[in-house]
Q: 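Take this structure, written in structure tokens, and hold onto it; I'll ask about it next.
Chain A is the first sequence line, chain B the second, and so forth, proteins listed ahead of strands; every chain is numbered from 1. Values reported hereafter were calculated over all heavy atoms of this structure, with side chains retained and with hydrogens, waters and symmetry mates removed.
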Number of protein chains: 2
Amino acid sequence: MRNRSCVMRLLRYKNALLKLKALNFVRVFSDNLADAAGVTSAQVRKDFSIFGITGNRRGGYQVGDLIENLSHILGKDKDYEFIVVGVGNIGKALMRYDGFEKSGIKISAGFDIDPTKYDPGAAVAVYDLSKLNEYVVKNKIRFGIIAVPEFAAQQAFEVMINSGIKGVLNFTPARLKGPEDCIINNINLETELESIIYFVNVADKTGGK
Amino acid sequence: MRNRSCVMRLLRYKNALLKLKALNFVRVFSDNLADAAGVTSAQVRKDFSIFGITGNRRGGYQVGDLIENLSHILGKDKDYEFIVVGVGNIGKALMRYDGFEKSGIKISAGFDIDPTKYDPGAAVAVYDLSKLNEYVVKNKIRFGIIAVPEFAAQQAFEVMINSGIKGVLNFTPARLKGPEDCIINNINLETELESIIYFVNVADKTGGK
DNA sequence: AATAAAATGTGAAAAAAATCACAAAAAATA
DNA sequence: TATTTTTTGTGATTTTTTTCACATTTTATT
């Protein structure tokens with residue numbers, strides 16, 4: 001196993017390779033992947049080295065082989081289902097987003113405590129939060145997205161954990177507390193925007209004159 | 001200037017402090033901030049040390065002072081306006097999201113090439129992409145969010161750059177190419193979800209038995 | 001067949017980030 | 001007032017990550 005940023009790079013390589021394959025590319029060089037993933041070619045080769053992926057000196061890598069290798073390392077052999085807890089602006093957007101399908105990811109249901117959100121007949125059904133446990137157990141769901149308001153995040157998380165969910169993408173600023181064996185990725189939209197403001201302001205002060 | 005992850009930590013400290021202040025806390029220890037931000041207390045003190053923030057041995061830090069210090073370092077003295085390019089699921093969600101306001105961030109307009117999206121009278125007005133330049137120049141906007149489909153990302157980015165935008169949050173998997181002095185933050189929803197799947201699967205194989 | 005050119009693969013070096021660990025200061029207590 | 005306790009502040013150390021640089025392999029060329 002490797003750390004998060006290394007895995008994120010491998011995922012980016014793989015996604016770039018899938019695009020190259022769709023364009024009928026057969027060979028690819030570490031340089032190309034570096035460009036596509038926004039890193040250096042040495043980094044690409046080092047990553048491959050760590051995972052025992054080898055290419056052909058002077059000949060680069062075979063796109064097909066590389067995709068196979070990365071898919072094996074990244075271990076995504078099948079499609080996965082996610083549920084969304086919190087069917088507000090963000091939750092709804094994720095449920096309707098069609099970019100996940102090509103990555104083999106499906107959002108299969110949404111849950112909310114607000115009865116006006118229920119819609120069991122929708123393309124992606126929305127149920128009461130109290131139905132989450134039953135749904136998750138029955139459908140053996142292991143992954144979820146938290147898109148509730150911050151104050152409700154920890155509670156939503158606990159409902160998910162208790163139902164057997166093992167991996168969560170958290171869109172709230174809350175730092176969720178839970179068992180070690182649950183994987184949590186955080187996306188904090190506020191700090192993303194604030195950090196952009198910071199770096200632009202810094203650039204103004206230093207580079208701008 | 002410091003690197004991205006350090007700045008992200010400072011932003012998290014600040015947000016935690018704002019919550020403590022709202023609860024009328026006066027003193028805070030590095031331990032508390034560490035918990036709130038998901039790091040160690042040594043990390044907190046080190047960060048502060050780097051930026052010359054000092055507290056009081058044995059007494060911790062004054063919440064108010066700390067907020068003032070961090071605000072000064074992070075340089076966010078006023079509110080900032082963002083525009084959104086691409087008024088699809090994600091774009092719309094961001095335009096309606098009410099969590100930015102408390103951070104002093106306002107989404108002031110949206111732009112799209114699809115005429116059915118136009119809505120100059122909405123709470124957050126939506127205009128044709130061709131109006132972006134005029135709007136951005138007139139309102140001196142410096143920040144934008146890209147929420148278009150991947151194939152349109154680079155073009156949208158160039159329109160923004162040419163209008164004077166200096167900082168961008170990119171929700172597409174595309175690696176945008178542009179001038180050095182434009183700050184780009186990327187959020188790749190697909191790889192976020194895929195990395196969760198990876199780490200859960202790894203945990204299954206190692207810890208699960 | 002010999003030579004040149006191009007790209008990998010990887011130890012070694014450098015840089016960056018995180019942690020340690022403890023003296024120093026401040027507050028609390030006796 | 002002296003002693004103890006607690007928490008900061010930071011140089012030193014360790015760990016992690018990235019970059020360097022070049023021998024090695026493969027392909028192309030003469």
Q: Is there a side-chain contact between A:Y61 and the phosphate of C:dG9, meaning an N or O under 4.0 Å from OP1 or OP2?
A: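 True: A:Y61 side-chain N/O within range (under 4.0 Å) of C:dG9 OP1/OP2.
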Q: Strictly by modelled atom types, are A:Y80 and B:N201 linked by a side-chain donor-acceptor pair under 3.5 Å?
A: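 Yes.
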Q: Nearest whole angstrom, please: distance from the P of D:dT10 to the CD1 of B:I53.
A: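 In whole Å, D:dT10 P lies 12 Å from B:I53 CD1.
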Q: Does B:D47 or A:D47 map to a spot on DNA chain D nearer the 5' end, using the closest nucleotide for each?
A: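 In this pair, the answer is B:D47.
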Q: When all nucleic acid strands are considered with a 4.0 Å heavy-atom cut-off, which category describes B:R9: base, sugar-phosphate, or nothing?
A: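 Sugar-phosphate, backbone atoms only, no base.
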Q: Whole-Å distance between C:dT8 C1' and A:L66 CG?
A: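 The answer, rounded to whole Å, is 13 Å.
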Q: Check this one for me: any side-chain N or O of A:S49 less than 4.0 Å away from OP1 or OP2 of C:dG9?
A: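 Indeed not, no polar side-chain atom of A:S49 lies that close.
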Q: Measure from the side-chain heavy atoms of A:R45 and tell me the nearest of C:dC20, D:dT19, C:dT10.
A: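 Minimum distance to the A:R45 side chain belongs to C:dT10.
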Q: Give the ring-plane orientation class for B:Y135 versus B:Y127, where under 30° counts as parallel, over 60° as perpendicular and anything between as tilted.
A: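 Geometry flag for B:Y127 against B:Y135: tilted rings.
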Q: How many whole angstroms separate atom CG of B:N3 from atom C1' of C:dA16?
A: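 Between C1' of C:dA16 and CG of B:N3: 8 Å.
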Q: Rounded to the Å, how far apart are B:L33 CG and D:dT8 C1'?
A: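 After rounding, the reported distance stands at 13 Å.
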Q: B:T172 side chain to B:A174 main-chain N or O, any donor-acceptor pair under 3.5 Å?
A: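 Yes: the side chain of B:T172 pairs with the backbone of B:A174.
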Q: Find the distance B:R27:CZ to D:dT7:P and express it as a whole number of Å.
A: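 In whole Å, D:dT7 P lies 8 Å from B:R27 CZ.
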Q: Under a 4.0 Å N-O cut-off, is there an ion pair linking B:R142 with A:D204?
A: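 Here B:R142 pairs with A:D204 in a salt bridge, since their nearest N and O are under 4.0 Å apart.
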Q: Would you classify A:S5 as touching base, sugar-phosphate or nothing, given that sugar-phosphate means primed atoms plus P, OP1 and OP2, and contacts are heavy atoms under 4.0 Å?
A: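 Contact class for A:S5: none.
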Q: Scan A:F48 against the nucleic acid and name what it touches under 4.0 Å (heavy atoms): base, sugar-phosphate only, or nothing.
A: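 No contact at all - A:F48 keeps every heavy atom at 4.0 Å or more from the nucleic acid.
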Q: Write down the distance between CD1 (B:I50) and C1' (D:dT10), rounded to a whole number of angstrom.
A: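 Distance check: B:I50 CD1 to D:dT10 C1' gives 10 Å.
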Q: Counting the benzene-type ring for Trp, do A:F100 and A:Y97 have ring centres under 6.0 Å apart?
A: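 Yes.
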Q: In terms of side-chain heavy atoms of A:N56, which of C:dA18, D:dA21, D:dT27 is nearest?
A: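 Side chain of A:N56 sits closest to D:dT27.
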Q: Using a heavy-atom cut-off of 4.0 Å across all strands, would you classify B:S41 as base, sugar-phosphate, or nothing?
A: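 Contact class for B:S41: none.
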Q: Starting from P on D:dT16, measure out to CD on A:Q43 and report it in whole angstrom.
A: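 After rounding, the gap between these two atoms is 16 Å.
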Q: Classify the side chain of B:R58 and the base of D:dT5 as holding, or not holding, a donor-acceptor pair under 3.5 Å.
A: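 Result: at least one qualifying N/O pair found.
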Q: Rounded to the Å, how far apart are A:R57 CZ and D:dT24 C1'?
A: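 After rounding, the reported distance stands at 4 Å.
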